[in-house]
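Atoms within a ligand are numbered from 1 in the order they appear, just like the ligands themselves.
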Amino acid sequence: MELRIDTFKSYQTAYLKSIESPQLFWSEIASAFEWFAPHQQTFNGSMEEGNIRWFDGGKLNITINALDRHLESKGNDPAIIWEPNDPDDLNETISYKQLHQRVCAFGSALRSCGIEKGDRVILYMPMTPELAIAVLACARIGAVHSVVFAGFSAQALADRIQDAQAKMVITADESRRGGKTIPLKSVVDAALTSCPSIEKVIVQRVTGSACPMESERDIWMHEFLAASKDSNCPPEIMEAEDPLFILYTSGSTGKPKGVVHTTGGYMVYTAYSFANVFQYEPGDIYWCTADIGWITGHSYIIYGPLLNGATTLMFEGIPTYPDASRFWAVCEKYRVNQFYTAPTAIRSLMASGRKCVEKHDLSALKVLGTVGEPINEEAWHWYNEVVGKSNCPIVDTWWQTETGGIMISGLGNLSPTKPAHAGLPLPGIDPVLLDPEGNEITQPNIEGLLCIRSPWPSMIRTTYGDHERCLSTYFRPFPGYYFTGDGARKDELGMIRVIGRVDDVINVSGHRFGTAEIESAINQSEMAVESAVVGFDHEIKGQGIHAFVITEEPIPLHDQGAARARIIDSVEREIGKIARPDRIQFVAALPKTRSGKIMRRILRKVANGDFDGFGDTSTLLDPSVVESIVNNAKSLWFATN
Ligand code: WTA
């Protein structure tokens with residue numbers, strides 16, 4: 001069965017069918033894959049109970065579908081094209097046959113190290129082909145991979161390792177990011193002082209810098225691979241609902257949670273959505289600029305493309321190295337057909353001017369995609385006109401770590417597009433807007449809470465080790481619906497515009513952080529007694545982080561710089577550089593209600609430079625707090641804008 005729909009009419013037909021007979025719809029799509037045993041039941045469980053099972057009885061291995069299945073027809077076609085950080089370094093093209101061999105060799109080496117089905121393996125790696133290979137090798141042997149973005153700190157890495165109770169870490173000596181190198185192995189060493197579950201560390205040699213190895217625990221990747229003589233790696237037979245991976249993401253409360261995706265449903269949905277959103281045709285070169293440390297990299301650098309036998313380009317570097325035309329140089333070099341990036345990258349490249357784009361031949365581009373945060377109209381138009389020459393549809397893909405795959409988006413050039421609108425749902429996806437009481441909003445152009453009414457194959461199954469948290473975050477707020485945490489509007493034609501988070505999650509450059517997580521990191525610095533963090537509109541990053549901090553003693557003006565540096569250090573230590581606050585404002589008190597709750601809407605207004613009209617503040621314990629925060633914010637705000 002062909003996964004790709006190729007007209008808008010057939011999209012409409014597929015959509016209707018998927019809503020009227022979802023089980024039949026997904027069962028047919030599932031039959032396009034290779035299973036050791038077919039499923040007995042398409043869907044099992046209930047949204048009310050947050051108990052979701054797809055393709056029960058089905059047995060499979062996702063790598064058979066991503067690799068083995070293509071060997072006969074396209075074994076010599078490129079599976080991965082790897083573009084290194086430095087344009088003068090050697091690039092790499094890995095055919096399906098070679099990728100299969102390397103995954104099998106890696107999988108069998110993992111097995112000889114004692115890694116078994118169900119064991120958790122942490123990948124803390126640069127964007128090298130070995131990262132993709134390690135992911136697939138875990139899937140081959142049924143180990144549960146958990147990739148941790150290589151910009152997280154030792155503490156954040158340790159938190160994830162402990163939560164997952166992982167047995168192994170795969171890392172590298174260093175990672176190259178533009179002109180910088182990041183010492184990954186020493187971060188791992190620091191993390192492992194508090195992670196007794198880890199038995200082995202596999203280290204890829206990337207830069208060749210000196211790197212202390214602990215003889216019992218650490219093995220160089222090349223030695224690990226050479227030691228395993230057996231390159232034959234029979235696939236582990238997985239149940240459809242066996243976990244495939246855990247990916248940690250931030251929520252509005254507490255520590256990041258491990259979103260669990262399972263094998264069968266995730267495979268079916270990522271493959272289906274990739275084929276349709278990007279309208280990939282055989283021979284195309286597809287490039288997603290995300291990092292594999294995030295869900296976008298999982299679903300649309302590795303699994304979605306490879307399940308479709310596509311050629312996926314993987315880029316080690318950053319958009320501004322050696323200069324701001326790198327993305328476009330790479331598009332020209334490989335004649336990229338589908339290009340998928342984030343609004344924050346578009347906005348920052350926009351700032352470097354159109355010349356950077358215009359000096360490159362982008363005539364191969366067919367589809368442009370964006371993901372991770374709302375795209376503002378200005379960036380949308382620039383992307384459309386300067387990059388796409390008004391000739392490429394933009395697919396504004398809305399989805400989440402928890403949804404596994406793209407939920408709302410145009411399908412290549414089939415669908416109507418509208419600036420800053422994700423558009424229509426994919427077949428099988430039933431989004432609705434609810435008011436705060438949980439009633440469905442049926443009139444157009446009214447903002448509501450974005451929820452999904454029926455289950456889809458790649459939805460979150462649980463949060464690792466804490467199912468209660470999964471239920472209370474996603475399934476209990478509105479019984480019978482999956483709650484996304486986003487606010488959205490629908491126009492008369494049903495085109496959806498996602499406005500942003502309605503919970504305490506801040507989206508900085510497309511990266512999610514919980515305010516509670518950053519506050520707890522700030523409070524770890526000895527000087528902070530209490531803090532409150534909110535997002536503010538940021539021209540490039542989408543949102544910036546504004547922290548209001550109460551210290552034990554008032555800090556004199558001339559010491560504030562040093563005090564801020566200490567707070568930033570603490571955030572970098574607890575989470576990583578990516579979570580650094582843009583602004584730190586020292587305050588004497590926070591606006592709290594009598595029940596002790598911080599009135600964040602006031603802080604949000606202040607952080608956005610909106611200093612009057614705070615609405616009803618009568619529930620505040622001490623309304624005068626607002627005035628003092630505003631006075632002190634004004635100087636800070638004007639200094640940084
Ligand atoms: C936001 C990334 C508007 C949204 C795949 C969501 C978007 C969060 C879009 C998930 C979009 C993602 N338009 N907002 N096209 N795509 N978002 O888990 O707030 O890193 O809830 O997954 O990003 O972020 P996550």
Side-chain angles (χ1 to χ4, degrees), residues 147-149 151-152 245-252 256-261 266 269-270 273-274 277 288-301 303-304 340-347 368-377 379-380 383 394-410 415 417-426 429 431 447 449-452 458-460 463 473-474 482-490 495-514 517 535 537 541-543 578-579:
V147 185
V148 176
F149 174 64
F152 279 116
F245 66 86
I246 305 172
L247 184 58
Y248 285 84
T249 190
S250 298
S252 47
K257 53 200 163 202
V259 172
V260 176
H261 282 291
Y266 179 82
Y269 195 77
T270 51
S273 52
F274 174 81
V277 169
C288 166
T289 70
D291 191 287
I292 290 172
W294 312 114
I295 191 69
T296 307
H298 284 61
S299 301
Y300 299 110
I301 294 179
Y303 288 112
Y340 189 29
T341 195
T344 189
I346 299 170
R347 287 190 298 261
L368 298 175
T370 95
V371 60
E373 46 175 321
I375 180 165
N376 50 309
E377 295 205 17
W380 192 98
Y383 200 26
I394 292 180
V395 291
D396 177 355
T397 66
W398 175 84
W399 59 296
Q400 308 178 298
T401 304
E402 295 87 338
T403 69
I406 297 168
M407 304 284 281
I408 305 176
S409 167
S415 322
T417 52
K418 186 168 172 183
H421 284 66
L424 301 175
L426 264 70
I429 305 305
E447 185 173 339
L449 304 167
L450 179 61
C451 292
I452 315 291
S458 64
M459 66 192 293
I460 179 173
T463 42
T473 312
Y474 307 107
Y482 165 85
F483 175 49
T484 66
D486 278 324
R489 269 200 301 266
K490 235 187 226 185
M495 304 269 286
I496 296 171
R497 172 177 197 148
V498 177
I499 295 156
R501 304 289 307 193
V502 293
D503 54 5
D504 291 323
V505 169
I506 308 183
N507 194 330
V508 184
S509 299
H511 303 155
R512 278 167 67 168
F513 298 103
E517 189 188 357
D537 296 337
K541 303 199 247 183
Q543 282 189 295
I578 48 176

- Item | Atom of Gly487, atom of Glu447 and distance for their closest heavy-atom approach |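 The pair with the smallest heavy-atom distance is CA-OE2, 4.2 Å.
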- Determine the interplanar angle of the His511 and Phe149 rings, folded into 0 to 90°, and report it as parallel if under 30°, tilted if 30 to 60°, perpendicular if over 60°.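 If you compare the ring of His511 with that of Phe149, the planes turn out tilted.
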Please state which part of [X] comes within less than 4.0 Å of ligand 1, counting heavy atoms only: side chain, backbone, both or neither.
| X | answer |
| --- | --- |
| Ala422 | neither |
| Ile375 | neither |
| Val505 | neither |

- Item | Within the 6.0 Å centroid threshold, strictly below: Tyr266 and Phe245 |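 So the answer is yes for these two rings.
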- Query: Quick one: are the ring centres of Tyr248 and Trp294 less than 6.0 Å apart?
  - Reply: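 Centroid distance Tyr248-Trp294: not below 6.0 Å, so no.
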Got [X] and [Y] here, is their nearest side-chain heavy-atom distance under 4.5 Å?
| X | Y | value |
| --- | --- | --- |
| Phe513 | Ile578 | yes |
| Tyr474 | Ile460 | yes |
| Val147 | His298 | yes |

If I apply the N/O under 3.5 Å rule, does [X] come out as touching ligand 1?
| X | value |
| --- | --- |
| Thr370 | no |
| Asp396 | yes |
| Asp486 | yes |
| Thr397 | yes |

- Query: What is the closest protein heavy atom to atom 23 (O) of ligand 1, and at what distance does it sit?
  - Reply: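 Heavy-atom neighbour on the protein nearest atom 23 (O) of ligand 1: Gly372 O, 3.1 Å.
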- In the protein, what heavy atom is nearest to atom 3 (C) of ligand 1, and what distance, to one decimal place, separates them?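 Checked against all protein heavy atoms, atom 3 (C) of ligand 1 sits closest to Pro374 N, 3.2 Å.
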- Message: At less than 4.0 angstrom from any non-hydrogen atom of Asn507, what atoms of ligand 1 do you find?
- Response: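 Near Asn507, meaning under 4.0 Å from one of its heavy atoms, ligand 1 has 1 (C), 23 (O).
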- Among His298, Gln400, Glu373, which residue places a heavy atom closest to atom 7 (C) of ligand 1?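 Result: the heavy atom closest to atom 7 (C) of ligand 1 is in Glu373.
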